[in-house]
Amino acid sequence: MVEERKRVILIAGGQLFAEKGYFSTTVQDIAEQCNMSKASIYKLFESKEDILLHIVKQMHEEILLAANRLHFEDHVSPKEQFTQKLVVQFQEFVLKHEFFLVLNQTMPLELSAQIRAAMLQFKRTMLNWQKEAILQAFGDKVEPIVWDLSLCMQGIVKEFMFLLRWNKNTNFELSALSEFVVESLEAMIQKHLNRTPLITEQMAQQFDLSDPDVRHKYFGESEWRKIIRELSTAIHQRSPESIRPDLIAATERLNTERKKAIPQTFMIEALIAYLQKREELQQEVAQLQHVYRATWEEKKHE
């Protein structure tokens, strides 16, 4: 109930800030839009500034999570998946650009430090999202230069989004933009794959660019689906035919159980333990267990 009321307030606040500007919107305006009293709003948010900060963070999160709504068939190549994810993400940018335009024009000076901190955190998280997306699309071969690629990608995306944000008359096909980004990365990979990277993993950590939680939070589901497919393939290729049906059944039951709203953790752990007994599947099961524990820890803290 509390979370639903917060959601209603943030939607109303976002609409009013975009329409009237931050300074011209009062908490009373937001209360009237929500059919609530000011006192009810102050029970949930400390101030109008607090509402604004929550909206900014929520919009950033929606942009990052947009691509997670996509589900791909096995025949869709990783590169095409990447392209489609970018289209959805760019659509979210476009939907929200009016709000951020007004925010930049009317942002109160006393809030600038807090907003700047939120924006910098979003930039860092987005950079790590791009890094993981590039690795998924092009494979481990690009890992040595993945930070160079991610920074270049962020620069390209930033400039195009800047045009969309500041000029309402700017118009180009988002699918074409996504293809341009992916093809540009391909060209950079071909040119620089075997060269010394400018930004190594160690340097990325020194610059505080790296955020390992991004992989589990935004790519956990796709990682899980990938390792389930790899495990099934390994069973068909390596496991004795006599026990193959049992191993496939255990894998399918494991996948089904994990998809439940409230999975039975003891059942998942038991199925993983059963699969771990097979020596020919050690590598895939170890990776599956790692992905499961990482994503499960994330869900427990949501």
Side-chain angles (χ1 to χ4, degrees), residues 56-57 59-68 78-79 81-83 85-86 88-90 92-93 100 113-162 177-178 180-224 226-227 283 286-287 289-299 301-302:
V56 169
K57 291 177 181 178
M59 287 189 170
H60 286 164
E61 188 71 0
E62 289 170 355
I63 291 170
L64 288 160
L65 289 171
N68 286 14
K79 190 178 77 171
Q81 291 181 31
F82 186 24
T83 304
K85 286 179 181 179
L86 288 180
V88 173
Q89 198 171 80
F90 292 159
E92 285 293 321
F93 272 113
F100 285 110
Q114 297 175 65
I115 294 292
R116 191 179 300 113
M119 293 291 189
L120 286 173
Q121 179 56 44
F122 173 64
K123 181 178 180 181
R124 178 171 177 260
T125 304
M126 178 60 77
L127 179 65
N128 281 265
W129 185 96
Q130 290 161 343
K131 168 180 170 281
E132 295 301 327
I134 289 169
L135 286 171
Q136 280 199 351
F138 298 105
D140 293 341
K141 67 179 182 181
V142 304
E143 190 161 8
I145 60 170
V146 71
W147 283 111
D148 296 346
L149 296 171
S150 303
L151 288 164
C152 289
M153 177 181 172
Q154 188 169 80
I156 294 170
V157 172
K158 176 185 174 183
E159 292 308 314
F160 278 104
M161 290 302 104
F162 177 85
L177 173 58
S178 300
F180 174 80
V181 171
V182 175
E183 289 169 2
S184 297
L185 289 170
E186 275 191 301
M188 283 186 268
I189 291 168
Q190 291 175 6
K191 184 73 173 178
H192 297 280
L193 185 59
N194 297 315
R195 296 188 180 183
T196 302
L198 296 174
I199 304 295
T200 63
E201 181 63 36
Q202 183 179 6
M203 292 170 67
Q205 292 178 8
Q206 290 173 348
F207 293 143
D208 198 27
L209 299 178
S210 182
D211 184 354
D213 291 338
V214 169
R215 172 183 295 178
H216 308 312
K217 185 172 184 178
Y218 302 107
F219 292 86
E221 288 304 314
S222 58
E223 281 192 10
W224 176 263
K226 178 174 178 287
I227 190 58
Q283 181 178 344
Q287 189 175 353
Q289 187 174 39
H290 172 75
V291 172
Y292 164 68
R293 288 180 175 171
T295 53
W296 174 243
E297 285 300 314
E298 182 65 39
K299 285 186 176 181
H301 291 91
E302 287 180 350

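Counting begins at 1 with the first residue of the sequence. For clarity, every value in this text was computed on a predicted model and none was experimentally measured.
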May I have the step-by-step check of side chain to side chain contact (heavy atoms under 4.5 Å, CB included) for Gln89 and Trp129, ending in yes or no?
-> CA-CA 11 Å; Gln89 198 171 80; Trp129 185 96; 3.6 Å; yes

When rounded to the nearest 0.5 angstrom, what distance separates NZ in Lys141 from CG in Asn194?
-> 10.0 Å

Rounded to the nearest 0.5 Å, what's the gap from CZ on Phe82 to CD on Gln136? Could you check?
-> 9.5 Å

Would you mind telling me which of Gln130, Arg124, Glu132, Met126 makes a side-chain contact (heavy atoms from CB on, under 4.5 Å) with Asn128?
-> Arg124

To the nearest 0.5 Å, tell me how far Leu209 CG sits from Glu201 CD.
-> 9.5 Å

Considering non-hydrogen atoms only, spot the tightest contact between Ser184 and Ile156 and give its length.
-> CB-CD1, 4.3 Å

Just by distance, with hydrogens left out, do Gln121 and Thr125 show a side-chain donor and acceptor under 3.5 Å apart?
-> yes

Inter-residue atom distance Met161.CE - Leu177.CG, 0.5 Å rounding = 5.0 Å

Rounded to the nearest 0.5 angstrom, the CD1-CZ distance for Ile145 and Arg195 is 10.0 Å

Kindly check if the number of other-residue, nucleotide or ligand heavy atoms within 6.0 Å of CZ (Phe180) is above 12?
-> no

Heavy atoms from other residues, nucleotides or ligands near CD of Gln283 exceed 12 (cutoff 6.0 Å) | no

Under 3.5 Å donor-acceptor, Asp148 side chain and Pro197 backbone = no

Minimum heavy-atom distance Ile199-Met203, with the two atoms named | CD1-CE, 3.9 Å

Between Trp147 and Ser210, which heavy-atom pair has the shortest distance, and what is it?
-> CH2-CA, 3.8 Å

State, yes or no, whether a side-chain contact exists between His60 and Val56 at a heavy-atom distance under 4.5 Å.
-> yes

Contact check, side chains of Leu185 and Met188, non-hydrogen atoms, under 4.5 Å = yes

Does the pair Ile63 and Phe122 meet the rule for a side chain to side chain contact (heavy atoms under 4.5 Å, CB included), with working shown?
-> CA-CA 10 Å; Ile63 291 170; Phe122 173 64; 4.2 Å; yes

Distance from Phe90 atom CZ to Lys85 atom NZ, nearest 0.5 Å?
-> 13.5 Å

